[in-house]
2 protein chains.
Amino acid sequence: MGEDNYSLSSRVFRTIRENILSGKYEPEEELKEKTIGEELGVSRTPVREALRQLELEGLVTIIPNKGAYVVGISQKDIRDIYEIRSRLEGLCAKWAAENITKEQLDELEENIYLSDFHVEKGNSEQVLELDNRFHEILYNSSGSREMRHILVDFHHYLQRVRKVTLAENKRAVNSVSEHRKIVEALKLHDAELAEKLANEHIMNTIHNIDSHGWDHVFGE
Amino acid sequence: MGEDNYSLSSRVFRTIRENILSGKYEPEEELKEKTIGEELGVSRTPVREALRQLELEGLVTIIPNKGAYVVGISQKDIRDIYEIRSRLEGLCAKWAAENITKEQLDELEENIYLSDFHVEKGNSEQVLELDNRFHEILYNSSGSREMRHILVDFHHYLQRVRKVTLAENKRAVNSVSEHRKIVEALKLHDAELAEKLANEHIMNTIHNIDSHGWDHVFGE
DNA sequence: GCACGTATAATTGTATACAATTATACTGTT
DNA sequence: AACAGTATAATTGTATACAATTATACGTGC
């Protein structure tokens with residue numbers, strides 16, 4: 001999220017991840033170190049490191065002495081991840097209600113103010129950015145390094161789906177209004193309510209995809 | 001868990017992780033590629049790959065061009081992880097109640113039968129092994145690749161703490177009886193009950209550590 | 001024509017070599 | 001003696017070289 005690490009090695013890592021999430025590398029496709037290295041203009045060494053990291057993230061399967069293969073992500077996988085994430089975001093909001101600072105609350109309110117503006121204008125790029133930031137603030141205000149770590153991982157993982165869902169203007173409007181309610185609960189330090197709202201907020205994303213169909217998410 | 005991957009590279013990875021979790025490498029300690037390579041009798045290449053993987057797991061922080069440092073794990077971190085895990089194990093048990101097969105139920109019952117035996121005998125090594133297996137079966141019977149993935153990660157992360165808690169015989173007895181109740185709920189396919197019981201089961205571990213003090217977990 | 005075995009090529013796994021960066025020690029100046 | 005600047009060493013980052021393994025192609029026997 002915040003960590004600006006523009007070394008060559010991490011650039012390779014993120015590029016490959018992006019290519020998997022965007023669908024440039026197809027599911028089950030074999031990722032050859034030499035080929036990717038040539039594509040990105042680097043040697044096999046940083047590519048190998050990246051592939052092994054991506055394996056831990058679950059985006060790639062490595063069969064020793066054979067190769068690295070893109071792990072396909074199914075509709076069910078996305079559903080599962082969202083349901084898992086909804087529980088975690090709920091717990092995160094609960095903790096945030098207990099630990100959030102005045103400054104963090106202020107930034108959340110500013111975030112919502114700006115989101116209203118950009119949703120109105122239909123700037124989906126900025127809306128996505130603000131949504132990212134909203135949840136990032138929540139992760140930080142939970143006061144838990146572990147919670148932050150796991151949710152940031154998920155966030156990366158779902159980046160692809162989120163682009164689609166927030167582009168739908170109707171969902172964007174609802175999403176911001178849900179954010180507003182969460183912030184209200186945080187201001188009252190009402191942990192149970194914050195948990196419930198954050199939980200529902202994530203599940204609404206899935207319901208939204210269900211009602212609009214999954215075609216946008218997968219095929220074009 | 002199940003994945004037998006005894007390549008040199010993954011051996012290095014697990015050895016370093018073990019050394020961090022066991023405390024051989026102290027918090028904030030700088031891990032030098034050359035030194036570790038010599039310790040393990042390998043070159044820098046596999047060590048580098050391992051360190052970058054460990055960074056993703058959150059056990060190591062890498063500052064580009066400077067070095068890799070062991071991330072200390074605090075009492076609060078462990079608490080947080082257990083609370084996060086309790087929610088996830090709850091959701092996992094809920095899903096398991098909906099998807100578990102006859103064969104998996106049979107293996108769970110056999111697992112409990114054997115656990116009773118080894119708890120009686122005081123074989124903490126076997127008890128730990130059976131406990132690992134019990135939860136592994138649950139992860140598989142959830143029918144969710146994503147759920148399995150995330151819980152296996154946590155499981156590794158907490159291996160160190162779990163050795164201590166299950167060595168306490170009293171906790172071991174309670175733990176097995178909680179397992180039994182979870183299996184009963186699964187047999188009835190009572191998702192809500194299974195979730196509640198699994199959730200409480202994990203939280204009880206933390207309560208147990210609290211009541212016995214944290215000294216065993218950290219210092220000797 | 002097909003199965004099998006072997007030779008060849010391609011790919012991964014590991015070690016080493018070199019480049020770039022950072023840390024350390026030394027020297028001279030004030 | 002304290003400090004700055006520079007040279008040296010140590011360490012990380014990347015590329016390449018070699019070893020081990022796996023995939024492929026080819027030829028031989030049937």
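The chains referred to below are lettered A, B, ... by the order of the sequence lines, with proteins before strands, and numbering in each begins at 1.
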- Sorted by chain and number, sequence neighbours left out, ring-ring contact (aromatic ring centres under 6.0 Å, His included) with A:His118 holds for none
- Could you note down all residue pairs passing side chain to side chain donor-acceptor pair (under 3.5 Å) where residues 70-79 of chain B supplies at least one of them, sequence neighbours left out? A:Arg145-B:Asp77, B:Ser74-B:Asp77, B:Lys76-B:Asp80, B:Arg79-B:Asp210
- Query: What residues, two or more places apart in sequence or in another chain, satisfy salt bridge (Lys or Arg N to Asp or Glu O under 4.0 Å) together with A:Glu49?
  - Reply: B:Arg48, B:Arg52
Just the atom pairs and distances: protein N or O near nucleotides 9-11 of chain C's N or O, under 3.5 Å.
unit_1: C:dT11; atom_1: OP1; unit_2: A:Lys32; atom_2: NZ; d: 3.2

- Item | N/O (side chain, B:Arg48) to phosphate O (OP1/OP2, C:dG13) under 4.0 Å | no
- What is the distance, rounded to the nearest whole Å, between atom CD1 of B:Ile63 and atom P of C:dT21? 17 Å
- Note on the structure: For B:Glu109, the side-chain hydrogen bond (donor to acceptor under 3.5 Å, both in side chains) test, sequence neighbours excluded, returns B:Lys187
- Message: Just to be sure I understand the geometry, which residues of residues 38-47 of chain A put a non-hydrogen atom under 4.0 Å away from DNA chain C?
- Response: A:Arg44
- Message: B:Tyr82: which residues meet the ring-ring contact (aromatic ring centres under 6.0 Å, His included) condition with it, sequence neighbours left out?
- Response: none
- State plainly whether the residues B:Glu30 and B:Lys66 are in salt-bridge range, i.e. N to O under 4.0 Å. no
- Note on the structure: Taken in chain and number order and not counting sequence neighbours, the residues that satisfy ring-ring contact (aromatic ring centres under 6.0 Å, His included) with A:Tyr69 are none
- Task: For A:Phe13 and D:dG13, give me the distance from atom CZ to atom P, rounded to whole Å.
- Result: 15 Å
- Message: Holding to salt bridge (Lys or Arg N to Asp or Glu O under 4.0 Å), I want the full list of residues that pass it with A:Glu38, two or more places apart in sequence or in another chain.
- Response: none
- Nearest-angstrom distance from the residue atom CD of B:Glu49 to P of D:dT12: 15 Å
